[in-house]
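First the structure, in the form of structure tokens, and then the observations on it.
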Number of protein chains: 2
Amino acid sequence: MLIGNYNNRVSLKGRTAVPAKFRSELSKKIIITKGYEKTLFLISEDEWEKQLNTVNLQPLVISQPREPDRFILGNAFPIILDDQGRFVIPKSLRQHAQIKEQAVFVGVGNRVEIWDQARWQEYQQYLGENVEKIVNSLASNQELKP
Amino acid sequence: MLIGNYNNRVSLKGRTAVPAKFRSELSKKIIITKGYEKTLFLISEDEWEKQLNTVNLQPLVISQPREPDRFILGNAFPIILDDQGRFVIPKSLRQHAQIKEQAVFVGVGNRVEIWDQARWQEYQQYLGENVEKIVNSLASNQELKP
DNA sequence: TTGTTAGTGGTGAAAAGTGGTGAAATATGT
DNA sequence: ACATATTTCACCACTTTTCACCACTAACAA
């Protein structure tokens, strides 16, 4: 399971390294695509195909009604890590996530999210101020399940 | 059952030792994550998985409410103790809990909380001065905010 | 005291992160 | 189509960080 968060540098040309802790689980062939809240998603090839094929499991392509599937599919790039575990974030994706010098790689279960460092810190503050709401929402989710 | 509290030093680089009394119950593989009121939580791997189930996170799917995933999974780090029972507290977590030279490890049933010593002492004083209020609010089933 | 366990500092080899480079691939202009 | 310019990317080399140990000191019980 992908958990925790790690900081890595992004070069002017968008080159960055996947944190070592995530490499074994993501493997060398990875899909990178646009995520929600101005993030990027990194998903292993296996997990990607699983998501696309498993119709009943609320695949990642069905998001919100208004959001076209091509948001994710149309912005997905296959990448292969070099021997140092690095790759280049496509320019359009870098712009979408407003990634500058420092990026934060966040493990969120089955995927890794990439955040611009400044935005991640802001988001952390927001989360910290709303812990109770978040926890409550989890509690109510649970009641809905059998 | 994890109970009592113990003081341990934290090095400049964030290295500290789990109090010996807690080691057997936590075992060597531990999860450290953000807790409430600027504390950190230490829980055994087993307990972690149990908690994930009860809280009903769905890490295998890109779920709709993304905040809980990011808060809980994104701030959880797996750690392994060395032969002296020590580990390094990730920088971002140290900052969250404002941990400086001295840390207090507090056993709270199924988890251990880590406090900055100064903050722990303040909190103890607050508790001492407000025991009656707290007990009363518990009796009337209300929440008390510090 | 003496033996045993817990806590703490230090260290060096290994791992991870980062910058640079040149051949190969791709794009561009004529 | 060909020549030239530009970009890409696989690899090398260097720097920084991490972490598994060793060794000493403090606390404590017999």
Side-chain angles (χ1 to χ4, degrees), chain A residues 2-32 40 42 45 76-95 99-107 112-117 120, chain B residues 2-32 40 42 45 76-95 99-107 112-117 120:
Chain A
L2 299 157
I3 59 175
N5 68 86
Y6 303 90
N7 241 297
N8 269 0
R9 207 167 170 341
V10 180
S11 82
L12 243 75
K13 291 176 181 174
R15 187 171 65 165
T16 188
V18 172
K21 294 273 165 58
F22 293 152
R23 280 179 211 160
S24 60
E25 189 155 343
L26 283 176
S27 83
K28 268 202 164 184
K29 288 183 174 183
I30 301 178
I31 308 292
I32 185 171
L40 302 178
L42 284 181
E45 209 180 36
F77 297 83
I79 55 178
I80 296 175
L81 303 188
D82 70 11
D83 290 350
Q84 280 79 250
R86 290 185 292 185
F87 69 101
V88 176
I89 307 174
K91 204 172 171 186
S92 60
L93 298 189
R94 252 181 290 155
Q95 289 171 345
I99 288 174
K100 296 169 212 90
E101 286 245 315
Q102 286 290 132
V104 184
F105 291 74
V106 185
V112 172
E113 293 187 355
I114 309 179
W115 292 68
D116 176 69
Q117 190 184 43
W120 171 249
Chain B
L2 300 156
I3 52 174
N5 70 86
Y6 304 89
N7 237 300
N8 269 359
R9 205 168 167 354
V10 180
S11 81
L12 242 75
K13 291 176 181 173
R15 187 172 65 166
T16 188
V18 172
K21 293 277 164 57
F22 293 152
R23 280 179 209 159
S24 61
E25 187 154 345
L26 284 176
S27 84
K28 270 203 163 182
K29 288 183 173 182
I30 301 178
I31 307 289
I32 184 170
L40 303 178
L42 283 182
E45 214 179 32
F77 296 80
I79 54 178
I80 296 175
L81 304 188
D82 70 11
D83 290 350
Q84 281 77 250
R86 291 184 292 184
F87 69 101
V88 176
I89 307 174
K91 204 172 170 186
S92 61
L93 296 188
R94 253 181 289 154
Q95 290 171 345
I99 288 175
K100 296 168 213 91
E101 288 245 315
Q102 287 290 132
V104 183
F105 291 75
V106 186
V112 171
E113 292 187 358
I114 310 180
W115 292 67
D116 175 70
Q117 190 184 42
W120 171 251

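Proteins get letters first, then strands, A, B, ... in listed order; numbering begins at 1 in each. Values reported hereafter were calculated over all heavy atoms of this structure, with side chains retained and with hydrogens, waters and symmetry mates removed.
- Between atom CZ of residue B:R15 and atom CD1 of residue B:I89 there is a gap of 12.0 Å, rounded to the nearest 0.5 Å.
- Expressed to the nearest 0.5 Å, how far CZ of B:F105 lies from CG of B:L2 amounts to 12.5 Å.
- Residue A:A20 places its side chain closer to C:dG17 than to any other of C:dT8, C:dG17, C:dG7.
- Using a 4.0 Å heavy-atom cutoff across all strands shown, B:A17 reaches no nucleic acid atom at all.
- B:N8 places no side-chain N or O within donor-acceptor distance of the main-chain N or O of B:T16, the cut-off being under 3.5 Å.
- Fit an axis to the five pairs at each end of the helix from C:dT1-D:dA30 to C:dT30-D:dA1 and the two axes sit 30° apart, to the nearest 10 degrees.
- Separation of atoms CD1 (A:I30) and CZ (A:R23) is listed at 9.5 Å; rounding is to 0.5 Å.
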- prompt: For B:W120 and B:N5, what are the C-alpha separation, side-chain angles and deciding distance, and is it a side-chain contact (heavy atoms from CB on, under 4.5 Å)?
  reply: CA-CA 10 Å; B:W120 171 251; B:N5 70 86; 4.2 Å; yes

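- Under a 4.0 Å N-O distance rule, the pair B:K28/B:D83 qualifies as a salt bridge.
- Listed candidates were C:dA16, C:dG9, D:dT18. Nearest to the side chain of B:K13 is D:dT18.
- For the atom pair CD (B:Q117) and CG (B:N7), the distance works out to 4.5 Å, reported to the nearest 0.5 Å.
- Each of A:I79, A:V112, A:L26, A:I114 was compared with A:V18 under the side chain to side chain contact (heavy atoms under 4.5 Å, CB included) criterion, and only A:L26 meets it.
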message: Checking A:V88 against A:K13 for the side-chain contact (heavy atoms from CB on, under 4.5 Å) test, could you report, in this order, the C-alpha distance in whole Å, the side-chain angles of both residues, the deciding distance, and whether it holds?
response: CA-CA 7 Å; A:V88 176; A:K13 291 176 181 174; 5.8 Å; no

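- B:K91 comes within contact range of no nucleotide atom at all, as no heavy-atom separation falls under 4.0 Å.
- As a whole-Å value, the separation of B:N7 CG from C:dG7 P is 11 Å.
- Atoms CZ (A:F77) and P (D:dT8) sit 12 Å apart, rounded to a whole Å.
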Shorter than 3.5 Å, N or O on both sides, protein versus nucleotides 15-17 of chain D: list them out with atom names.
none

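- Residue-environment remark: NZ (B:K100) exceeds the threshold of 12 foreign heavy atoms within 6.0 Å.
- Spacing between atom CD of B:E101 and atom C1' of C:dG9 amounts to 13 Å, rounded to whole angstrom units.
- Residue B:R9 places at least one side-chain N or O under 4.0 Å from the OP1 or OP2 atom of C:dG9.
- Distance NZ (B:K28) to P (D:dC19): 14 Å, rounded to an integer number of Å.
- Distance CD/A:E113 to CG/A:L42: 10.0 Å, rounded to 0.5 Å.
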Scan nucleotides 20-22 of chain D against the protein and return all N/O pairs shorter than 3.5 Å with their distances rounded to 0.1 Å.
unit_1 : atom_1 : unit_2 : atom_2 : d
D:dC21 : N4     : B:R86  : NH2    : 3.4
D:dC22 : N4     : B:Q84  : NE2    : 2.8

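- For the pair A:L12 CG and C:dT18 C1', the interatomic distance rounds to 14 Å; values are reported in whole Å.
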